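Written out below as structure tokens is the structure these notes cover.
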Amino acid sequence: MIHFVILISKQGKLRLTKWYSQYSAKERSRAIAELSSAILSRGPKLCNFVEWRGNKVVYRRYVSLYFCMCIDHDDNELEILEIIQHFVEILDRYFCGVCELDLIYNFHKAYYILDELVMAGELQESSKRVVTRLMDSLDLLVEESKEKANTIRNMIAQVTK
Amino acid sequence: MGSQGGWGQSKEFLDLVKSIGEARSKAEEDRIVLSEIETLKRRIAEPDVPRRRMKEYIIRLVYVEMLGHDASFGYIHAVKMTHDDSLSLKRTGYLAVTLFLNEDHDLIILIVNTIQKDLRSDNYLVVCAALTAVCRLINEETIPAVLPQIVELLGHPKEAIRKKAVMALHRFYQRAPGSVSHLISNFRKRLCDNDPGVMGATLCPLFDLITADPSSYKDLVMSFVSILKQVAEKRLPKSYDYHQMPAPFIQIKLLKILALLGSGDKQASEQMYTILSDIFRKGESTSNIGNSILYQCICCVSSIYPNTKSLEAAADATSKFLKSDNHNLRYMGIDALGRLIKINPEIAEEHQLAVIDCLEDPDDTLKRKTFELLYKMTKSTNVEVIVDRMIDYMININDHHYKTEIASRCVELAEQYAPSNHWFIQTMNKVFEHAGDLVNVRVAHNLMRLIAEGFGEDDEGADSQLRSSAVESYLRILGEPKLPSVFLQVICWVLGEYGTMDGKCSASYIIGKLCDVAEAHANDDTVKAYATTAIMKIFAYEIAAGRKVEMLPECQALIDELSASHSTDLQQRAYELQALMGLDVHAVESVMPLDASCEDIEVDRSLPFLSSFVQQSLEKGARPYISESEQSGMSHVNIFRSQDPHEVSGHTLRFEAYQLPKPSPPASAPIAFAPPTDLVPVSDATYARDIQPPPKVPSSLDALSADVGVRLRLEGVQKKWGKPTYSSSAAPSTSSTSQKTVNGATHLDGVGSMSAQARDTRDNLYDSRRQQVEVSAEKQKLAASLFGASSSKNEKKPSSHKTIKGSAGNVEKPTIMVKAVTSSEPTEKTSVPPPPDLLDLGEPAPETKPSVDPFQQLEGLLGPAPVQSTPDSSVVAGPREPDLMALYSDIPMTNLSGTSTNPTVTDLYAVSKNPQGATNVSTLKKGPNPQDSLEKDALARQVGVTPSGKNPNLFRDLFG
């Protein structure tokens, strides 16, 4: 099971955190501090895994951003590595070529996508298409409601004029 | 889509993010965040905040909270937002509360109502949002409030909702297993769902359920196998493919489940062998995802009832992992090896050098994994080497958690396999010296007892030798500046008991040392107490031996100090010591007998020496003593009752009976509902098994699927083929090796068609390998000590046993060669472009151009940029990932679009703009959608985000 997901930049700035197991605020900040120092200091060509407090953290670097997932001791690390890749591919498709700035300013969207992908600490959907389609339909709905609101506002404006 | 290209946030928020991004220190960041919190507090409290504005505030709160600051003042607003009618706001609200609130938070109760309402919504997107929230927020208490609705949603026409409902139930099972135990039939039904996503999701709860009780799901083995077969044969829709693999995540989950179901069950395992060997055969070891399936397959094979052929395939795959250059694969290989040696310890022998390479690798993670493997394969023959290595490693690490773990492993191995007393003491000393504060106190007590009792052999000489060597080493160690408290306690105790035993050290020398200890650890009362008592013992021996001991001044000072101590314990010890010194020889001998730490102290509980006193008092008219048991008759009964385990557990869990009728024997006993801890002490295996079925009893729906007869039979099998039997069955190596020959022969047939050239290269490889082996004599020595004397395979005279092995080794190498050939073949590469493996890519890419600022690029566009970008893009994106966007080609394009959409920006960069250069570069462009990235870039600049020298990569496509 995935216990938490952390996105952290090369400079040690947090970009996203999602906790699937219960952690107190103190434990969270300690986990982030310990892991960012452990992971950011690792050289290239080493394993993408770090043992941490009896669990394992699988990380993968994309340019300047580290995607980290904490899993149980007996989970399949390579699979998690691919789940991260899967997540990034979906982000890439959604943002049409994702870059770190997208995740900084649109972090809530990244959360939504993560929610569609991982639920209760397990991968819930392994089809890229299903996830993107759902995200798109949500966006469409938001657009529509925005338009509707605009037309209503216009109508009110016209009436009150 | 507008929401994708731009960042629909306000200037304020963008500024905040920007200033945080530019903060140079944590303190500066904190200051910015704190002022943001103040602003938000004020704004949120304003009356009539427009909803859309509020949405942004909430998102800003999420941001603040993510950075580790407390945003609890805004939680209630997030909760309110979940009530909103607009889906966009509702989602924001849900997102915020799922991020803010732990499931034990007080505000949860306010959301349950909204969730209930939303689960009933007509709009499936609203239901989705609610289900996502359910997974995070609903706790054990509130499960009943939403459970019926969620069960209903399992039949919803939209597959997204069915899937999320399954996941929600999976979550409930994790929180409170009892809450969904009656829904197992629903999970079974969902397994046949015609949407692969729902089926895949259902595997999660089933995995948990099967982990808890595999025997009830044996009937599903066939279904899982056939699903796995269909998946592997690419029967699922193409959209589930991942890097050309058919639904790998589902395959992995299925393999995990099969591993559980086949564990110790020959009949079930037999159904799996075919599909497992199919997967091994199809296994694609060039991609990461292919390897992850192979790894899961190995795990499965090592867990189910062993089968020679699949074990061999697993061993092959493992050796490929171990021989890889990729650290990740070697890590997985070590792990896989650790699983396989449980079944066949001989497998490790072939890979000894690979294992040692991993052990000496600079990568900490790999090293630790290798230690884990060594720990699993420790025997009395190699314990010294392994434990020494572990201790060496332990000394050099700072990670407390891991230090504790490895220290306790050292202790465990030393206690279990110690070849000699002396070695044991030395090892324990090292462990205590470097990790004394981390090991369990119990370990210290064990050590003291061991030194006192010896190793159980009736050899007084050896024991006293052990003791004097301990004393000697402790006197030496006392010179070290910083010792852990537990270790000092052991030292003091041993010095007190045996310090003067062998007559090498004088009493005053030892006492002086002990006084030093007490003085140096003025804050540690326990150490001081141990030291004082040790001093007392030394005095006692001396007095008993009739020698006069002069009182050292520092000892007197210590006694004086302790007599005035705040600790009553220390005071008492000091006074006792003083009193003891005034006693005569005879009294001292009976108070502190020599070397009596192991004598049992007999306690006569009837206290006969008091009877005359009691008699006297009774005569004087005192009331006779009534024993405790007589005082309360009830407790007497209780004692009686507690002898019946059934009664007790029924007693503790009485309240459960409200939900379930008193079960009738024999199928169920009330203990079934006892917490698992209660089951632990039950040593009788059959008893434990008897009580497994009851959780199923309530779900009468389920009774059909699992007939009791079959289950019972399987349990019989399980017992017969239980884990311990594996090792013993694997032990007679003759049978297994002879089988190996057979397999080796068939293998040879299989590769018989291989070209002679390949054979040559194989031989060369073998030779070069042999050379390499001979060179690293040191490693070989290590290997020999780790894996036993037979390890030097190359020099060993080929006995009949060995030749068999050699041929097996030969068989295996060609397969690797074949792999190497295919991977170097260019045609292969072009026809099937390997999936973008960013693992490798992420590493060199940043190094090639860490300091390049896109803006500089932009300005220098006229000349150098196109030239420069050509080699760069080939390095970065390369021919392997044609679909990925190359960064450099992006920028000029962006600039062009800036002209059209954003005049202000153009003005700034007009000087550097050169249409010709831009078109030149744009021909190199490979990105999926230039328009969007252009907009994005322009927007970023408008906001004022500049990729500073500190972080030039903000704009870079994560894939390139």
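Chain A is the first sequence line, chain B the second, and so forth, proteins listed ahead of strands; every chain is numbered from 1. Values in this document were obtained by computation on a predicted structure and should not be read as measured data.
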So for [X], is it side chain, backbone, both, or neither that comes closer than 4.5 Å to the heavy atoms of chain B?
| X | answer |
| --- | --- |
| A:Leu91 | neither |
| A:Tyr66 | neither |
| A:Phe107 | side chain |
| A:Ser21 | backbone |
| A:Thr17 | both |

Side chains of A:Gln124 and B:His170: is there a donor and an acceptor less than 3.5 Å apart?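 The answer is no; no qualifying pair exists.
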
Toward chain A, the part of [X] with a non-hydrogen atom under 4.5 Å:
| X | value |
| --- | --- |
| B:Gln174 | side chain |
| B:Ile252 | side chain |
| B:Glu372 | side chain |

Best-contacting candidate, [options], against chain B by heavy atom pairs under 4.5 angstrom:
| options | value |
| --- | --- |
| A:Ile83, A:Val130, A:Leu65, A:Ile32 | A:Ile83 |
| A:Glu116, A:His86, A:Met1, A:Glu34 | A:His86 |
| A:Arg129, A:Glu51, A:Lys18 | A:Glu51 |

To the nearest 0.5 angstrom, please state how far the CD atom of A:Glu125 sits from the CG atom of B:Asp195.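 Nearest 0.5 Å value for the CD-CG distance: 7.0 Å.
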
Please check if atom NZ in B:Lys26 has more than 12 non-hydrogen atoms from other residues, nucleotides or ligands closer than 6.0 Å. yes

Within 6.0 Å of CG in B:Asp325, more than 12 heavy atoms from elsewhere: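 At most 12 heavy atoms, drawn from other residues, nucleotides or ligands, come within 6.0 Å of this atom.
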
For the candidates [options], which exhibits the highest count of non-hydrogen atom pairs separated by less than 4.5 Å from chain A?
| options | answer |
| --- | --- |
| B:Lys256, B:Gln296, B:Arg52 | B:Gln296 |
| B:Arg330, B:Met332, B:Arg368 | B:Met332 |
| B:His400, B:Arg91, B:Glu65 | B:Arg91 |

Are any non-hydrogen side-chain atoms of A:Leu134 and B:Tyr124 less than 4.5 angstrom apart?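 Result yes, sub-4.5 Å side-chain heavy-atom pair found.
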
Residue of the set B:Asp363, B:Thr365, B:Leu366, B:Asp364 for which side-chain contact (heavy atoms from CB on, under 4.5 Å) holds with A:Leu46: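 When B:Asp363, B:Thr365, B:Leu366, B:Asp364 are each tested with A:Leu46, the side-chain contact (heavy atoms from CB on, under 4.5 Å) holds only for B:Asp363.
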
